4 protein chains.
Amino acid sequence: MNTFGHLFRLTTFGESHGAAIGGIIDGCPSNLKLDFDFIDSELLRRKTAQSSTSSQRKEPDQIEWLSGLLDGVTLGTPIAFMVRNEDAKSADYEALKDVYRPSHADFTYEQKYGIRDWRGGGRASARTTLPIVVAGAIAKQILKGKGIQVAAKVTFMGDAEQARKEGDTVGGIVECRIVGVPAGLGEPMFGKFSAELAHAMFSLPAVKGFEIGDGFALAMMKGSEANDTFINKDAGLKDAGRETCPESRSLKSRVNITTVTNHSGGIQGGITNGNDVVFRVAFKPIPSIAKPQQTVNRAGETCTIAIEGRHDVCALPRAVVLVETLAALVTVDMEMMWR
Amino acid sequence: MNTFGHLFRLTTFGESHGAAIGGIIDGCPSNLKLDFDFIDSELLRRKTAQSSTSSQRKEPDQIEWLSGLLDGVTLGTPIAFMVRNEDAKSADYEALKDVYRPSHADFTYEQKYGIRDWRGGGRASARTTLPIVVAGAIAKQILKGKGIQVAAKVTFMGDAEQARKEGDTVGGIVECRIVGVPAGLGEPMFGKFSAELAHAMFSLPAVKGFEIGDGFALAMMKGSEANDTFINKDAGLKDAGRETCPESRSLKSRVNITTVTNHSGGIQGGITNGNDVVFRVAFKPIPSIAKPQQTVNRAGETCTIAIEGRHDVCALPRAVVLVETLAALVTVDMEMMWR
Amino acid sequence: MNTFGHLFRLTTFGESHGAAIGGIIDGCPSNLKLDFDFIDSELLRRKTAQSSTSSQRKEPDQIEWLSGLLDGVTLGTPIAFMVRNEDAKSADYEALKDVYRPSHADFTYEQKYGIRDWRGGGRASARTTLPIVVAGAIAKQILKGKGIQVAAKVTFMGDAEQARKEGDTVGGIVECRIVGVPAGLGEPMFGKFSAELAHAMFSLPAVKGFEIGDGFALAMMKGSEANDTFINKDAGLKDAGRETCPESRSLKSRVNITTVTNHSGGIQGGITNGNDVVFRVAFKPIPSIAKPQQTVNRAGETCTIAIEGRHDVCALPRAVVLVETLAALVTVDMEMMWR
Amino acid sequence: MNTFGHLFRLTTFGESHGAAIGGIIDGCPSNLKLDFDFIDSELLRRKTAQSSTSSQRKEPDQIEWLSGLLDGVTLGTPIAFMVRNEDAKSADYEALKDVYRPSHADFTYEQKYGIRDWRGGGRASARTTLPIVVAGAIAKQILKGKGIQVAAKVTFMGDAEQARKEGDTVGGIVECRIVGVPAGLGEPMFGKFSAELAHAMFSLPAVKGFEIGDGFALAMMKGSEANDTFINKDAGLKDAGRETCPESRSLKSRVNITTVTNHSGGIQGGITNGNDVVFRVAFKPIPSIAKPQQTVNRAGETCTIAIEGRHDVCALPRAVVLVETLAALVTVDMEMMWR
C-alpha cells in the first residue's frame, strides 16, 4: 500500500532520518525528455526553510536518478530516484522515543507495527511527500503536453506569526483548479474522478477535509440553485423560453457544450464534464507545538512535553505544491485509463 | 473499476432498467452463517418509496443468491447475487433520450463511452447502490462478530416538504460513527483509513464533501486546540503538572491508552487510534427537479425541461444506510489487511 | 482472486450444483455489437455430452445477459451474465461427501476453507470454465476486429476408447497458435506475455505443464540452433556473407522485420515479436475414474471408491476451446495495456 | 508491471548499465531481524564470474539499504535497496546499437517503446534478476521461521565446455522442491499456487517451459496411474480391501493425511496438499553467442554479427538461486493471502 495509481504508478519509500527517501515511477510513457530544472523548481516549492512559517531543516534535496532514463529521455522502464537524508538530527528526537506526541502518528504506528522509527517521525514525517512531488512534476510535464494545467493556492490560513510567538501552530485550506481537462475522465462506479482525488488528498499528512465544487455548501442548496445549466458554447447563453427539448438523434458535427455555472466542480456522475475541476482541502494545524502539552508515555505514565526540534508553524505554504502534485498524478492516471 | 476493496472485494453490475442488478463478493471468510433477515432489513432501509421524501418506484427487491453458499453458510468462494428490475418504466425516459439533464451524468457518460443507457439513468442511477447495501450488510455481520458497530444519522437536511411543493429538491449531511475499531487499522502511505473512507464515500452518487473528525473546522484551530491529549484509561485523567516524560523502554504488560478529545475522528497518521472513527458526508440536492430548467440537447439546441418521472425530493433518508454500508466495507477490508 | 486480467477483467462465480454460474466482464470497450450466435457456438464447443469421450451431463447452457448491454451493444459498463445449473444431480455425490477423491480438490479445498461444496465438485468442477468461454468469445470478437486469430488443436491424446472400457481416463496435449499479434505486446518484467499465458493456462483444471515455442526441447539445444534469425520481409532471405552490421541511425520509413524460424514461439524478452505466438499445454488424465481406488475419508479411515457419476474419459476435446479462450483473454488484455 | 506479488510485493528497477539496480519490498512483516550475511551469500550464488560457465563481469554487488529498517530490524514500511552498477563497459555494446541480436529482446523492446537502452541489454539484462534474489532471500528467511524450505538443482545441462570452444551456448532444466508447505495455500480460480509459480518462473529471462509434478509426462498416463492415493500418516499404508467409504461427519480430532505418490507435485485443484511442491523449469540456451550469426539492423539491412562481450556459456548454474528465490516469493505471498 505504498503504491499510488493504476497505470501511472508511484511506489515510494523512506523514513525521515533513514538513509534516503525516494520512489519508483512505473508506467511513465517512453520517449519523454524530462525537464529536470522544472522538477527541481517544484522541489524548491516544497522545501523546508523556505519561509518564516516553515521549519529550519536544510536539506540540499539533490535527486539521484537511478534508472529508466537514457540521456534524460524516458525508456518506458521504471524510473527510480532518491534523495539522501543528510541533515537528519536524530538526537533531537531521542527524548521522544518513549512518548506519544498528541495527534501524531507515534501511537498508531506502534499499535500497527509493534515498532516505530522514532527518528524525525519516521515514515509518518512530511518529508515522505518529497517523492510525490518528483513524480507529480513529471506528471505535470505530461499534462502540459496535453494542454492541462494544475494550480493551487491557499485560500485560508490561521495567523501564523501570532501562533509562532505562542509556541503554537495553525492550519488552513488549499483550493486547487485543474484547467483543460477533457470531458470523459474518471471511472463511474468505484474509480470516480472525485473519489480518486479524495483518496489522493487524504494521502497527504494533516488533511482532514475535502470538497469538490461547492462541496459542503451544496448540502444547504436547493436543486434549482445547485444545478449547472448546460449551454452550447458556440451558440452562447440565450433564453430557451419554454420550448420542450426536441429529439435530435442525428448528432450535428461536433457540438461544443459546457456549463454556465460550476457548482459541480467539473465532475458529474464521477466523470469530468470539461469544465474546470475545482476542489478544496482542509489541513489541520501541525501537531508539533512548542507549548507544553499533557500526554502519556509507552508505560502509560502521564507527563508533559514541549516539542522543540525544527518544525513548521504552518504546513500550508508547502501544501500548495503537494495538492497540485497529487492532482496531477490522478489526472495523468485517469487520462491513461480513458479509452 | 467496478470493483471495491483489496481483500474483501465487491464487484457490482447493473443498470437501472436493465435485466438485473447485483454483485459478486470475493474474499468473504468461509463458514459464516448469513443472516438473510438482516440483509433484507438493510435493503428495506435503502428502498425507494419508504417515506414522503422518496420516489414512487416500487421494487420488490428480492435477492437471488447465485453462488458461494451451502445451506446459507459461506463457502469461501465468490458470493454472487442479483435482484431483478421489475418495475422499470423506461417509456417515462423516452423524452430524455436526447437531452442532457443538468447536473446529471447524461452528458459525461456520453462523452466517456459514446453511448449511454438513457433508461432511468442507466448505470448512473441510485439503484446501483443496491448491491453495495447487500455486501455492506454481510460486512456489518462480520464486524458485529468482532465487536465493531457502524451507525450513521442525518445531521442536516434541507426543508423537503417545502421543496416538494416548489418542484425542487434538497441536500444534506450524514454523520457516521464506527465504534469498537481496534487501533492499528489503515495503511500509512496510500491506503490510509481516512483515504479509503473518503474514496468510498465519493463512490456514492451526489456526494460532494467529506470530512473526518472536526474536518474543515480544524483548519481554523490552533494546534493546541486541535490536538487530542492521550490518557491512560486505567489511570484516568489527571494533571501531569510539568513533569517531563520519563524513558519507559520496558513496556508494562498491556497499557490501555486513548484520547480525551476526538478532534482527529479516531485516525492519526492515517491509522485508527482505537477511539471512535467519526466522519461527515455532504450530499448535494438531487438534480432531477420538476421545476422547468434550461439545458441543451445532443444537437446543442437550447431548450427547457421539467423532469417528471418518480424521483426523491431528498436522498438523505436512504443515504444513511449507504454511508454505513461503505464504512462497513472499508472497515472489514482494512481489518483483513491488518497483520 | 476470482478475477482475471488487468484492464479487460473477468470475475467469475458459481459452483457446479449451485443456483447458477456466470461472471462479470469489466473493461469491455463500448459500442461493440455482440455476436451472440458466435458466443453460443463457442459454448457448444465446450459443452458436455458432445462426443463419445465426454460426460453425460446435459445442460441447456442458456446465457442470461444481466447488464452492460443496450439492444445487444456494449455500454462500457460491466457485462454480467449467468447460466442456471438445471441438470444437477447432487444425490449422485452424496456418497462422496466424506471421502477425498484421489487427485481431486476435495481435500485441498477442505484444508483451505474448512468447508467444501461436495455437490458435483463445487467450485473445483470443470463447469466453472463456462463463464471463461463466454468472456473469451467476446475477446475473440474484439481480436477479430484487429486481425488477430486464436486457434488450438489436440496434438496428443491417450487411447480414450480403451480407457473407457477399463473404467480409466486419459490426458493429452493441446497446442495453440495466435496469429496476427502485433510486435510489442507484453510487459517486460512481471507481466511478460509468456508469463501471463502461463498463468492463464494453469488456471484451467488438470493443467500440469506449459511450454512456449520449442519449450522443453530448447533446453537440449545449443544457442546457434535455438536462435531465430531476423530477416527483412521485404528483402527476403539472403546470404549476408560476413559483412559486419553497419550503423543505421536514421530509420528508413517502416521496416518490415520478422524471424525465419520461430523457436521462440513469437515471444522474446517476454514481448511479442510479431511472429505467431505458439504454445503447448499438458493436461493430466481426469482423476474421476470408475476403477476402484484406495483413499481415506474425513476421519482418516482407509477405504475404496469407484467413482460412478457422469464423467468424461478425456478432457482434451473440450479443453481446446478453453485454451483458445484464455489465450484470447490474455491477448485482448495485453493489447489494451499496450501504449 | 514491474511489481510482483499481492501482499508481499516487490517492485524492481534498473538497467544493466544504468546508475543502479534495486527494488522496494512492500508488505514485509515488521520486527524481523534481517540476516544480511545470508542475503549476501544468496547474491554470491547468483553472481557473475563464479564459475567456468559464467561471464567475466565483476560487480562487487554491495547492497545499500535505503529504508524500512531500524538497526537491521524491519519497520513494516517499504524496504528499499540498491546496488550500483560499477563495472559496466557500455563501449562494448556500441557496435550493437543499431542491430537486433537474434533471440534477444532488442527488437521487441524497440517495437514496444520506440526506444531501447542498448547498453548491456538494458532492462532485459539478466542483471535485473539481482533485486529478485535480495527479496527472495528475505522471503526465505520468513519461510524458515515457518519451517518451509526451498531448494532447487540443475537436473539437465548441455555440454558447456564443448559449447564454449565452439563459441556457442547451452540450456538446461532446473528442478525445485518446496518442503514443509502447509496444505491450503493457493487461491482456487485465478490465483492457483501452480499458476502463480508458472507466472513467476516465466518472469525469469530465457525460461521457455514449466511443469509441475510429473508435468508433461502426465499427459501420457492413465488416470489410474496419475492419481495420488491418500493415506492417513498415523495409520500408515494398508490395504483397504474393497470396503466402501463410510460416512464420517464427525471429524476425529486432527487427522494427518498425505499422499503416497506425488504425481501432482503437491498441488491439487490449484491448492497445496501438504506434500512437497515439485516443479521443473526449462531454460533455453543464452542467445548471445560468439559464433557469427546472420541478422538485420534497424534499417532492415542483412548483416552478420559475432557477439563478443562478456557472456555466460550457460545460465543454469546461476538460475538455481533465481528459481528458488521466486518460489520463495510466491510461497510467502500465498501464505500471507491464506486466511
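Excluded from the calculations below are hydrogen atoms, water molecules and symmetry mates; all remaining heavy atoms, backbone and side chain alike, are included. This is a predicted model, so every value here is computed, not measured.
Counting heavy-atom pairs under 4.5 Å between each of Gly158(C), Gly274(C), Ser194(C) and chain D puts Ser194(C) at the top. Of the listed residues (Pro205(D), Pro182(D), Gly186(D)), the greatest number of heavy-atom pairs within a distance under 4.5 Å of chain C belongs to Gly186(D). When each of Ala217(D), Gly223(D), Ser288(D) is scored by its heavy-atom pairs under 4.5 Å with chain C, the top score falls to Gly223(D). Between chain D and the residues Ala200(C), Gly167(C), Ser203(C), Gly265(C), the largest count of heavy-atom pairs under 4.5 Å involves Ser203(C). Annotation: maximal heavy-atom pairing with chain D below 4.5 Å, among Ser103(C), Gly209(C), Gly184(C), Ala282(C), occurs at Ser103(C). Most heavy-atom pairs under 4.5 Å with chain C: of the set Ala206(D), Gly215(D), Gly269(D), this distinction falls to Gly215(D). Put simply, of Met1(D), Gln111(D), Glu211(D), the one with the most heavy-atom pairs under 4.5 Å next to chain C is Met1(D). The choice from Leu218(D), Thr108(D), Thr3(D), Ile212(D) that makes the most heavy-atom pairs within less than 4.5 Å of chain C is Thr108(D). Contact count against chain D (heavy-atom pairs under 4.5 Å) is highest for Gly172(C) among Ala226(C), Gly172(C), Ala124(C), Ala105(C). Listed options Lys222(C), Arg280(C), Met220(C) were ranked by heavy-atom pairs under 4.5 angstrom with chain D; first place goes to Lys222(C). The greatest number of non-hydrogen atom pairs below 4.5 Å with chain C, out of Phe210(D), Phe279(D), Phe156(D), is found for Phe210(D). If you tally non-hydrogen atom pairs under 4.5 Å between each of Leu316(C), Ile173(C), Leu10(C) and chain D, the highest count goes to Ile173(C).
Within the 4.5 angstrom heavy-atom criterion, no atom of Ala163(C) approaches chain D. With a 4.5 angstrom heavy-atom cutoff, Lys192(D) touches chain C only via side-chain atoms. Of the two parts of Glu196(D), the backbone and the side chain both hold a non-hydrogen atom closer than 4.5 Å to a non-hydrogen atom of chain C. Only the backbone of His104(D) comes within less than 4.5 Å of a heavy atom in chain C; its side chain stays farther off. With a threshold of 4.5 angstrom between heavy atoms, Phe283(D) approaches chain C through N, CA, C or O but not through any side-chain atom. Contacts of Leu197(D) with chain C are absent, with no heavy-atom separation under 4.5 Å from either backbone or side chain. Using a 4.5 Å cut-off between heavy atoms, Lys284(D) touches chain C through backbone and side chain atoms alike. Heavy-atom distances place the side chain of Ile132(C), and not its backbone, under 4.5 Å from chain D. Ala183(D) touches chain C through backbone and side chain together, each having a heavy atom under 4.5 Å away. Proximity to chain C is limited to the side chain of Ile289(D), based on heavy atoms less than 4.5 angstrom apart. Proximity to chain D is limited to the side chain of Asp168(C), based on heavy atoms less than 4.5 angstrom apart. For Thr259(D), no part lies near chain C; criterion is any non-hydrogen pair under 4.5 Å. Interface residue Lys291(C): only side-chain heavy atoms are found under 4.5 Å from chain D.
Residues Thr229(D) and Pro102(C) are not in side-chain contact: their nearest non-hydrogen atoms beyond the backbone lie 4.5 Å or more apart. Residues Ile305(D) and Pro292(D) are not in side-chain contact: their nearest non-hydrogen atoms beyond the backbone lie 4.5 Å or more apart. Contact check for Ser224(D) versus Glu166(C): no side-chain heavy atoms found under the 4.5 Å cut-off. The shortest distance between side-chain heavy atoms of Ile231(C) and Thr302(D) does not fall below 4.5 Å. Taking the side chain as every heavy atom from C-beta outward, Tyr100(D) and Arg298(D) approach each other to under 4.5 Å. Side-chain contact between Gln268(C) and Pro287(D) is absent, with no heavy atoms from C-beta onward closer than 4.5 Å.
Remark: side-chain polar atoms of Arg123(D) are paired, donor with acceptor, to backbone N or O of Gly14(D) under 3.5 angstrom. Side-chain N or O atoms of Arg164(C) include none that pairs as donor or acceptor with a backbone N or O of Asp159(C) at under 3.5 Å. A donor-acceptor contact shorter than 3.5 Å is absent between the side chain of His199(D) and the backbone of Gly191(D).
Leu326(C) and Met201(C) get closest at one heavy-atom pair: CB-CE, 3.9 Å. Of all heavy-atom pairs between Gly121(C) and Arg101(C), the closest is CA-NH2, 4.0 Å. Listed here is the closest heavy atom pair of Ile307(D) and Gln293(D): CD1-NE2, 4.1 Å.
Thr11(C) and Asn2(C) form no side-chain donor-acceptor contact under 3.5 Å, judged by distance and modelled atom types alone.
Evaluated for a side-chain hydrogen bond (donor to acceptor under 3.5 Å, both in side chains) with Asp228(C), the options Asn275(C), Asn273(C), Asn262(C), Thr261(C) yield exactly one hit, Thr261(C).
With rounding to the nearest 0.5 angstrom, the OG1 atom of Thr295(C) is 10.5 Å from the CG atom of Leu96(C).
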